[in-house]
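Remarks on the structure that follows.
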Amino acid sequence: MNLHEYQGKSILKSFGVAIQESVVIDAVEDAVSKAKELTEQTGTEWYVVKAQIHAGGRGKGVVEETGSHGVVLAKGIDKVEEVVKGILGGHLETAQTNGVGKKVNKVMIAEDVYYPGESEPSEIYMSVLMDRDKGRNVIMYSTEGGMDIETVAEKTPELIFKEEIDPRVGLQGFQARKIAFNLGLSGKAFKEMTKFVSALYASYEGCDASMFEINPVLKTSDNKVIAVDAKVTLDDTALFRHKEYAEMRDKTEEDPAEVEADEAGLNFVKLDGNVGCMVNGAGLAMATMDIIKQSGGNPANFLDVGGTADAARVEKAFEIILKDDNVKAILINIFGGIVRCDRVAQGIVDAYKNMGGIPVPLIVRLQGTNAEEAKTLIDESGLDVQSAVLLQEAADKVKSILS
Ligand code: GDP
Ligand code: MN
């Protein structure tokens, strides 16, 4: 589950990670009064207004309606309202929004932390994630913060450092010091960074995150180290342990079909192909997607109906798949292990009848327990359904439909 910057920062703060302080508003009328509250708390009179959407690149992004960027400085309370107006309620398009502007429902008004002082502020990149090859968490960091890390990785990979954490002992003090050292810090900033890294890692583990990307972490002109941005992804499978985080989910940021599928307990990921698939088990779903690809089609989705493929579930799955106008055929591929194929077949027939038909060709392959009975049920149902026994047969049928 992805979080907004303000939500990510609130989690970081609760674990003692130093952050750029802020307030969040969803109405222009609240801008000035909330900014004043922030001033009471922090003493700041310079602000930075930041669009809250689930996408990075906001600083360079542009609001369609106003031409404003998604992160804008407001140097003085008299500037705040105007800057907020340029962002809030508009549609922000960034390098990460796939060509469409995302509606900005909330903006953050944060303290400007790039104030002048004894040294230059400097932007650092830091992320924490699971390295699946190593089976360990890794802290990735670089002096080249503030910019797109993919560009840094491509042009100057030597400037990206990685620190692996042994899960048996956790992050060690020497590792935090090594990170601060490699970032070229000394004195107060060095100490601040070791504290920052330790708190950040504790936070990553404590909230069951699957990814943290803090870009930039700022070393301020008075040598404090704070998180200026926060991209936090939580592990969905651990959300049951964190009711308060589960409530942070912003469904308006997600694909509506995926939200609906999730509510129905279906594992669904929308893709951009032309063949809808309904499968049980993630492995078989992947194999089915491969075979669709090989037969000249492209999967329109990943859909794992799970262990119970009764009429209600199958019907829901059809509804979700058919929301996508690109779908030219649907391939159902179910292996009856615990679930019996004839029950699934009955589910398909019932759903088909309930829905008054399916507007695209349907190919059904049921294998496993009671597969024979299932095939008979489908063949005798009188419905316009093509049944297949082998996966190759199913693929050939997909091919003939598409060509
Ligand atoms: P992103 O563009 O979506 O990654 O949003 P960020 O939160 O990273 O902000 C984008 C950029 O805005 C940062 O890289 C900074 O250069 C700038 N920025 C963010 N906060 C401040 C601030 O307090 N003061 C100033 N002067 N610039 C800021
Ligand atoms: Mn950023």
Side-chain angles (χ1 to χ4, degrees), residues 2-13 17-24 35 38-39 41-63 68-77 79-80 83-84 86-88 90-98 101-117 119-129 140-153 160 200 211-222 224-233 250 253:
N2 292 326
L3 298 183
H4 285 293
E5 176 192 4
Y6 77 93
Q7 297 167 325
K9 280 179 170 170
S10 78
I11 294 179
L12 295 188
K13 188 175 176 177
V17 180
I19 57 159
Q20 176 189 40
E21 293 291 345
S22 63
V23 291
V24 176
L38 182 67
T39 299
Q41 185 197 342
T42 63
T44 190
E45 290 186 353
W46 287 357
Y47 313 89
V48 56
V49 179
K50 310 176 81 177
Q52 299 298 291
I53 57 167
H54 282 192
R58 296 164 299 163
K60 293 199 184 85
V62 176
V63 178
S68 164
H69 286 296
V71 176
V72 180
L73 280 173
K75 291 201 173 188
I77 192 77
K79 305 269 191 334
V80 171
V83 172
V84 168
I87 303 175
L88 186 58
H91 291 78
L92 177 60
E93 188 173 341
T94 81
Q96 297 180 15
T97 59
N98 301 324
K102 278 199 152 187
K103 176 95 188 291
V104 183
N105 294 317
K106 287 191 167 73
V107 296
M108 161 187 281
I109 304 173
E111 53 175 339
D112 174 13
V113 284
Y114 289 56
Y115 44 81
S119 65
E120 279 295 308
S122 66
E123 295 183 322
I124 292 158
Y125 173 91
M126 191 169 290
S127 59
V128 190
L129 50 127
M140 259 180 36
Y141 60 103
S142 174
T143 50
E144 308 308 289
M147 51 179 121
D148 183 22
I149 198 66
E150 282 79 19
T151 311
V152 182
I160 299 178
L200 191 70
M211 211 255 322
F212 271 8
E213 185 178 61
I214 316 297
N215 188 22
V217 174
L218 191 76
K219 183 206 74 74
T220 64
S221 62
D222 52 354
K224 290 182 192 147
V225 172
I226 61 175
V228 165
D229 196 1
K231 181 173 177 192
V232 169
T233 306
D250 183 352
E253 289 281 347

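Sequence positions, counted from 1, serve as the residue numbers for this chain. Every number for a ligand or one of its atoms is a count from 1 in the order of the listing.
- Residue contacts with ligand 1 leave out Met147, since none of its heavy atoms falls under 4.0 Å from the ligand.
- Remark: minimum distance from atom 4 (O) of ligand 1 to any protein heavy atom is reached at Asp229 OD2, 3.0 Å.
- Remark: Gln7 pairs with no residue by the side-chain hydrogen bond (donor to acceptor under 3.5 Å, both in side chains) rule, at least two apart or across chains.
- Of the candidates Thr39, Asp112, Leu38, Glu45 forms a side-chain contact (heavy atoms from CB on, under 4.5 Å) with just one, namely Thr39.
- For atom 5 (O) of ligand 1, the closest heavy atom belonging to the protein is Arg58 NH2, 3.1 Å.
- Using a 4.5 Å cut-off on side-chain heavy atoms (C-beta onward), Val62 and His69 make contact.
- For the pair Leu200/Met126, a side-chain contact is recorded, criterion being any heavy-atom separation below 4.5 Å from C-beta on.
- Side-chain contact annotation: Asp250 with His54, donor-acceptor N/O pair under 3.5 Å absent.
- The shortest contact between atom 7 (O) of ligand 1 and any protein heavy atom is with Lys50 NZ, 2.7 Å.
- Contact annotation: for Asn215 versus ligand 1, heavy atoms closer than 4.0 Å belong to the backbone alone.
- Here the CD atom belonging to Gln52 is positioned 7.5 Å from the NZ atom belonging to Lys50, to the nearest 0.5 angstrom.
- Listed by atom number, the atoms of ligand 1 under 4.0 Å from Glu111 heavy atoms are 23 (O).
- Inclusion of Gly59 in the set of residues having an N or O under 3.5 Å from an N or O of ligand 1 is warranted.
- Within the set Val71, Thr94, Val48, Asp148, the minimum heavy-atom distance to atom 12 (O) of ligand 1 is found for Val71.
- Between the Gln96 side chain and the Ala55 main chain, no donor and acceptor come within less than 3.5 Å of each other.
- Considering every non-hydrogen atom in both Ala35 and Val23, the closest pair reads N-CG2, 4.5 Å.
- Taking the side chain as every heavy atom from C-beta outward, Glu253 and Lys102 approach each other to under 4.5 Å.
- Within a radius of less than 2.8 Å around the Mn ion (ligand 2), the protein N, O or S atoms are Asn215 O, Asp229 OD2.
- Contact analysis puts Gly56 in contact with ligand 1, with a non-hydrogen atom separation below 4.0 angstrom.
- A donor-acceptor pair under 3.5 Å links the side-chain atoms of Asn215 to the main chain of Gly146, judged by distance alone.
- Using modelled atom types, one side-chain atom of Lys9 and one backbone atom of Val228 make a donor-acceptor pair closer than 3.5 Å.
- Remark: distances from the non-hydrogen atoms of Glu123 to ligand 1 include one below 4.0 Å.
- In terms of protein heavy atoms, atom 22 (C) of ligand 1 is closest to Tyr114 CD1, 3.2 Å.
- To the nearest 0.5 Å, atoms OG1 (Thr220) and OH (Tyr114) are separated by 11.0 Å.
- With hydrogens and angles ignored, the 3.5 Å screen pairs a side-chain donor or acceptor of Ser221 with a backbone N or O of Tyr115.
- Atom 24 (N) of ligand 1 has Asp112 OD1, 2.6 Å as its closest protein atom, hydrogens excluded (heavy atom only).
- Closest protein heavy atom to atom 19 (C) of ligand 1: Val228 CG1, 3.6 Å.
- Considering OH of Tyr125 and CG of Asp229, their distance stands at 10.5 Å, rounded to 0.5 Å.
- Annotation: Glu5 places no N or O atom under 3.5 Å from an N or O atom of ligand 1; distance criterion only.
- Taking only nitrogen or oxygen atoms, main chain and side chain alike, Val113 reaches within less than 3.5 Å of ligand 1.
- Close contacts between ligand 1 and Gly57 involve ligand atoms 1 (P), 2 (O), 3 (O), 4 (O) [criterion: under 4.0 Å to a heavy atom].
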